[in-house]
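Here's the structure we're looking at; comments come further down.
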Amino acid sequence: MTKQQALYKYLLRLGDNPLILGHRLSEWCSRGPILEEDLALTNIALDNIGRAQAFLKYAAEVEGLGKTADDLAYKRDERSFYNNLIAELPIGDFAYTIARQLLIAVFEQLQFTDLSKSSNETIAGIAAKSLKEVRYHVAHARDWCYRLGKGTEESHNRLQRAFNELWMYTGELFEMYDEDVILVFDGVAGDLNTLKIQYYDAVQKILNDSNIQIPVVDYMQTGSRKGIHTEYLGHILAEMQYLQRAYPDATW
Amino acid sequence: MVNTQLHTRDSILQILSVICDPEIPVVSIQEMGILRDVIVHDNVCEIIITPTYTGCPAMGIIEADIQSTLHHAGIDEVKVTTVYTPAWTTDWMTESTKEKLQKFGIAAPVHSHCMDWSKPEQHAVICPLCHAEDTQIISHFGSTACKALYKCNVCKEPFDYFKCH
Ligand SMILES: [Zn+2]
């Protein structure tokens with residue numbers, strides 16, 4: 001793997017996560033439990049799509065084949081997507097969506113704090129910009145964890161169940177792959193291992209404050225660094241890419 | 001061609017000063033800090049803009065507004081470049097810009113140094129309608145990504161708060 005290939009794949013990872021999560025969150029449009037949450041979740045979706053555009057645009061430049069961010073979003077196959085599995089899981093109920101938001105936003109806050117010091121100026125710039133938005137995502141998910149966790153028996157049980165189901169997808173966030181090794185050496189990427197302790201401390205504190213038990217799991221899910229996904233990603237892509245696949249290069 | 005005799009950085013900034021934020025029509029894109037710079041090259045006039053939020057859907061409209069405004073002024077070769085660094089901040093708004101927001105009914109952001117980011121709602125937001133301090137947050141995410149939704153406990157009206165960023 002050359003440095004260019006490593007950077008390209010790393011940028012796809014940074015772009016695919018918000019692209020797929022943003023798509024998932026947009027499914028809440030017109031279906032939020034209350035109007036304010038409809039707005040909140042779709043605003044967060046928009047932040048994610050904006051960040052995906054920024055990283056995928058840069059990925060296309062690094063690839064150097066004259067593609068655009070849209071080409072990378074709409075014309076890549078499942079096996080060349082590198083988003084973490086947790087981003088592609090179905091939205092579930094509101095508690096499940098909130099639990100996923102918390103697990104991802106807390107990670108992103110740490111990751112972008114780290115990447116805003118990247119030796120690569122473009123990555124550092126997008127990371128610093130995204131960090132400002134992610135701070136609000138963390139506050140949003142955390143406040144809902146408090147409310148649901150300490151709310152009714154029903155809301156508490158649903159949130160607990162959501163964390164129980166999602167916990168096995170958190171290990172993957174910290175997996176270091178070939179591209180990480182190359183890029184960490186040059187100071188382009190951060191060492192994900194160094195974020196792990198802070199991450200679980202931060203999440204556990206919020207769960208404790210929400211009366212939610214820390215789940216215990218036997219193993220962690222893996223696969224996305226190699227482009228191996230759950231059965232759900234193919235369905236998202238079928239919907240998201242339909243138009244560009246059926247009518248290549250259609251514009252309006 | 002850009003006629004560099006006729007058009008300087010300052011004169012182009014002057015032309016662009018009429019363009020308002022599509023979502024907040026009382027402030028210009030310059031006052032909002034979206035318009036960052038103008039570079040007059042030999043054959044093209046480059047306009048540097050930065051998004052308030054990465055996913056701001058108004059960026060396309062703003063770019064189109066810049067193109068058409070400059071075309072009307074006789075400048076045809078226009079390139080609009082989006083940058084992310086330095087990251088946009090509400091701290092760039094001047095006091096007079098914040099006053100315009102207040103008069104429009106949007107509470108102005110506090111300075112980012114005044115923020116406790118772990119508790120974004122923990123600072124006083126003054127009602128832009130009746131100027132009461134007794135207000136409460138309804139949602140961090142309002143009608144657009146850059147605004148939060150508040151309500152006033154005195155006049156009972158809901159209002160937008162421009163989030164500190
Ligand atoms: Zn009031």
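Residue numbering restarts at 1 for every chain, and letters A, B, ... go by the order of the sequence lines.
Across A:Ala52, A:Ala124, A:Gly50, A:Gly125, the residue that shares the most heavy-atom pairs under 4.5 angstrom with chain B is A:Gly50. Of the listed residues A:Leu131, A:Ile44, A:Ile49, the one with more heavy-atom pairs under 4.5 angstrom with chain B than any other is A:Ile44.
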Item to check | From CA spacing to verdict: side-chain contact (heavy atoms from CB on, under 4.5 Å), A:Asn43, B:His140 | outcome: CA-CA 10 Å; A:Asn43 264 316; B:His140 283 305; over 6 Å; no
Item to check | CA sep, side-chain torsions, deciding dist, call: A:Tyr136, B:His165, side-chain contact (heavy atoms from CB on, under 4.5 Å) | outcome: CA-CA 10 Å; A:Tyr136 282 106; B:His165 208 67; 4.0 Å; yes
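For A:Tyr242, the OH atom sits in a loose shell: 12 or fewer heavy atoms of surrounding residues, nucleotides or ligands are nearer than 6.0 Å. Within 6.0 Å of CZ on A:Arg147 lie more than 12 heavy atoms contributed by other residues, nucleotides or ligands. Other residues, nucleotides and ligands contribute more than 12 heavy atoms inside 6.0 Å of the CG atom of A:Leu65. Taking a 6.0 Å sphere around OH of A:Tyr74, one finds it holds 12 or fewer heavy atoms contributed by other residues, nucleotides or ligands.
Using a 4.5 Å heavy-atom threshold, the side chains of A:Leu46 and B:Tyr53 count as separate. In this structure, the side chains of B:Thr85 and A:Glu121 stay at 4.5 Å or more apart for every pair of heavy atoms. Residues B:Thr54 and A:Gln53 form no side-chain contact, since every pair of their non-hydrogen atoms from C-beta on lies 4.5 Å or further apart.
At a 4.5 Å heavy-atom cutoff, the contact between B:Thr89 and chain A is made by backbone and side-chain atoms alike.
The distance from the CD1 atom of B:Ile138 to the CG atom of A:Leu39 is 11.0 Å, given to the nearest 0.5 Å. Interatomic distance, A:Lys57 NZ to B:Thr82 OG1, rounded to the nearest 0.5 Å: 7.0 Å. The CD1 atom of A:Ile34 sits 7.5 Å away from the OG atom of B:Ser139 when rounded to the nearest 0.5 Å. With rounding to the nearest 0.5 angstrom, the SG atom of B:Cys146 is 11.0 Å from the CD atom of A:Glu133.
Ring geometry for B:Phe141 against A:His140 counts as perpendicular: the plane angle is over 60°, on a 0 to 90° scale with 30° as the lower cut.
At distances below 3.5 Å, at least one donor-acceptor pair connects side-chain atoms of A:Lys129 with backbone N or O atoms of B:Pro51.
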